[in-house]
Amino acid sequence: MGEVDPAFIQHPEHRPKLSVPKAEGIPLIDLSPLNSSDNISDPKAVEGVVREIGNACKEWGFFQVINHGVLLDKCKKIEDAARKFFAQPLEEKRKIMRDEKMEDPMLMPASLDPEDKEETKWTNQWPEYPPELRVASEEYTEEVEKLALKLMGLIALSLGVPADRFNSYFKDQTSFIRLNYYPPCPSPQFALGVGRHKDSGALTVLAQDEVGGLEVKRKRDGEWIQVKPTPNAYIINVGDIIQVWSNDRYESVEHRVLVNSEKGRFSIPYFVNPAHYTLVKPLEELTHEQEDPAKYKPYSWGKFLSHRKLSNFKKHNAENIQLYHFRVSE
């Protein structure tokens with residue numbers, strides 16, 4: 001196994017196939033019709049984009065967007081700062097090792113008790129070096145948040161509800177970014193950067209470098225397909241919350257990350273999450289008691305997220321809690 005930590009060695013059935021094809025078929029959607037003040041109020045200018053996004057959410061659960069309006073210099077600044085941080089010696093990086101306090105500042109439930117209404121704050125642990133990381137992160141987050149909320153509006157329209165249908169859920173949002181670095185791996189055929197999983201939030205907006213490595217489990221046949229990096233594009237994927245809100249019209253799809261034997265990989269996901277007090281359940285407009293009943297029981301997003309975060313710091317042999325825990329028995 002060479003220098004690979006045994007903790008990263010995958011069970012044989014989950015080991016990657018390094019020769020899988022890259023998924024050029026994952027939809028690439030041009031958002032430029034939305035960037036003109038002359039066209040934004042014209043329904044015809046966005047109708048085609050809404051249709052593309054709806055089809056992508058239904059068929060793939062993933063798509064890429066270009067001409068998205070995010071300032072590229074903001075993305076470059078945070079990537080440069082992240083590279084400086086990860087290039088430090090291990091002992092320096094360990095000074096801000098993740099513990100059970102995260103994000104800045106984020107209101108969350110103080111306990112997992114469903115009856116406990118007390119709140120607490122999660123805060124970031126910013127490193128001393130590089131000093132520009134905090135500002136770069138905050139400026140980048142402002143930019144990508146605008147894109148994320150724009151996409152939530154387009155997804156709402158594709159479901160046949162008003163563009164602002166989801167707005168109230170994000171007043172006190174628990175969204176956050178994550179800076180990922182996957183170092184070169186001497187045995188990429190045995191390991192994964194991130195194992196197979198689905199995202200538990202509403203939406204994920206991912207920036208990745210030219211190395212790539214993201215694989216998506218194709219819905220129609222269950223094959224793992226590599227996502228080909230597209231310059232200056234964002235990769236978007238539907239999370240579990242949209243699956244519930246849409247009552248299974250759109251599905252959160254499994255994905256994972258390969259490692260590279262020669263090059264390190266950087267990625268910056270932005271996880272779009274509602275306020276902690278959100279009660280996640282199928283939208284009333286998309287359910288009907290007889291014809292299309294709700295497929296999920298309501299659940300507290302904050303309690304769910306707190307449980308997931310706490311479980312990240314403990315070794316488990318079981319799968320993470322997933323949506324099937326809240327599915328209504330047929």
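If you're wondering where the values come from, they're calculated on a predicted model, not measured in any experiment. Reckoned from all heavy atoms, side chains included, excluding hydrogens, waters and symmetry mates.
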Exercise for the section: Evaluate the criterion salt bridge (Lys or Arg N to Asp or Glu O under 4.0 Å) for residue pair E223 and R218; output intermediate values, then yes/no. Expected result: CA-CA 5 Å; E223 287 292 318; R218 190 163 54 194; 5.7 Å; no
Quick note, ring-ring contact (aromatic ring centres under 6.0 Å, His included) partners involving residues 244-265, not counting sequence neighbours, are F62-H255, F166-W245, Y169-W245, H197-H255
Original post:
Would you say the side chain of I53 lies within less than 4.5 Å of the side chain of I155, judging by non-hydrogen atoms?
Top reply: yes
Please tell me whether S200 and D240 have a donor and an acceptor in their side chains that are separated by less than 3.5 angstrom. no
Closest non-hydrogen atoms of A81 and P130, given as atom of the first, atom of the second and distance, are O-CG, 3.4 Å
Worksheet item: Judged by atom type as modelled, is there a donor-acceptor pair below 3.5 Å linking the side chain of T174 to the main-chain atoms of A275?
Response: no
In short, L286 meets S246 closest at the heavy-atom pair CD1-CA, 3.8 Å
Give the C-alpha distance, both sets of side-chain angles, the deciding distance and a yes or no for side-chain contact (heavy atoms from CB on, under 4.5 Å) between V257 and N180.
CA-CA 11 Å; V257 177; N180 294 327; over 6 Å; no
Exactly one of Y296, W301, Y299 clears ring-ring contact (aromatic ring centres under 6.0 Å, His included) with F326, and that residue is Y299
Determine yes or no for a side-chain-to-main-chain donor-acceptor pair under 3.5 angstrom, with N260 supplying the side chain and K263 the backbone. yes
What do the steps show when you test K95 against E128 for salt bridge (Lys or Arg N to Asp or Glu O under 4.0 Å), and what is the final call? CA-CA 10 Å; K95 290 180 180 178; E128 295 181 3; 5.9 Å; no
From the list F85, Y129, Y181, side-chain contact (heavy atoms from CB on, under 4.5 Å) partner of K93 resolves to F85
Min side-chain heavy-atom separation I235-Q64 under 4.5 Å: yes
Measuring only between side-chain heavy atoms, which start at C-beta, is D209 closer than 4.5 Å to R265? yes
**Prompt:** Crowded around K281 NZ? As in, over 12 foreign heavy atoms under 6.0 Å?
**Reply:** no
Hits for ring-ring contact (aromatic ring centres under 6.0 Å, His included) against F63, two or more places apart or cross-chain, chain-then-number order -> none
Quick one: are I29 and V49 in side-chain contact, heavy atoms under 4.5 Å? yes
Quick one, R196 and K217 - any side-chain contact, counting heavy atoms below 4.5 Å?
no
Of all heavy-atom pairs linking T141 and S137, the shortest is OG1-O, 2.7 Å
side-chain contact (heavy atoms from CB on, under 4.5 Å) between N237 and V253: does it pass, once the steps are laid out? CA-CA 8 Å; N237 67 277; V253 173; over 6 Å; no
Test log, rule side-chain contact (heavy atoms from CB on, under 4.5 Å), inputs K295 and Q243: CA-CA 10 Å; K295 295 180 172 64; Q243 180 169 334; over 6 Å; no
Quiz prompt | pair I78-I177: side-chain heavy atoms closer than 4.5 Å | solution = yes
A side-chain contact here means heavy atoms from C-beta on lying under 4.5 Å apart; do L31 and L147 qualify? yes
Distance col, row K146:NZ vs L71:CG, nearest 0.5 angstrom, shows 7.0 Å
inquiry  = Do Y270 and Y234 have side chains that approach each other closer than 4.5 Å (heavy atoms only, starting at C-beta)?
reply    = no
Please check if the side chain of K219 supplies one atom and the backbone of K58 the other of a donor-acceptor pair under 3.5 Å.
yes
- Hey, is the main chain of L279 close enough, under 3.5 Å, to the side chain of S300 for a donor-acceptor pair? no
Quick one: do I236 and V205 satisfy side-chain contact (heavy atoms from CB on, under 4.5 Å)? Show the steps, please. CA-CA 5 Å; I236 315 298; V205 181; 3.8 Å; yes
d(R134 CZ, E139 CD) to nearest 0.5 Å is 12.5 Å
On a heavy-atom basis, the closest approach of A56 and P27 is CB-CG, 3.7 Å
With sequence neighbours left out, the residues meeting salt bridge (charged side-chain N to carboxylate O under 4.0 Å, His left out) with K84 are E132
Check your understanding: Counting distance only, does the side-chain N/O of N273 pair as donor-acceptor with the main-chain N or O of Q173 below 3.5 Å?
Key -> no
Shortest non-hydrogen pair, F170 vs A202, comes out as CZ-CB, 4.2 Å
Between the CD1 atom in I242 and the OG atom in S252, the distance rounded to the nearest 0.5 Å is 9.0 Å
In terms of heavy-atom contacts, L133 and L179 come closest through CD1-CD1, 3.8 Å
Taken to the nearest 0.5 Å, the spacing of K303 NZ from L305 CG works out to 12.0 Å
Distance col, row C57:SG vs L203:CG, nearest 0.5 angstrom, shows 7.5 Å
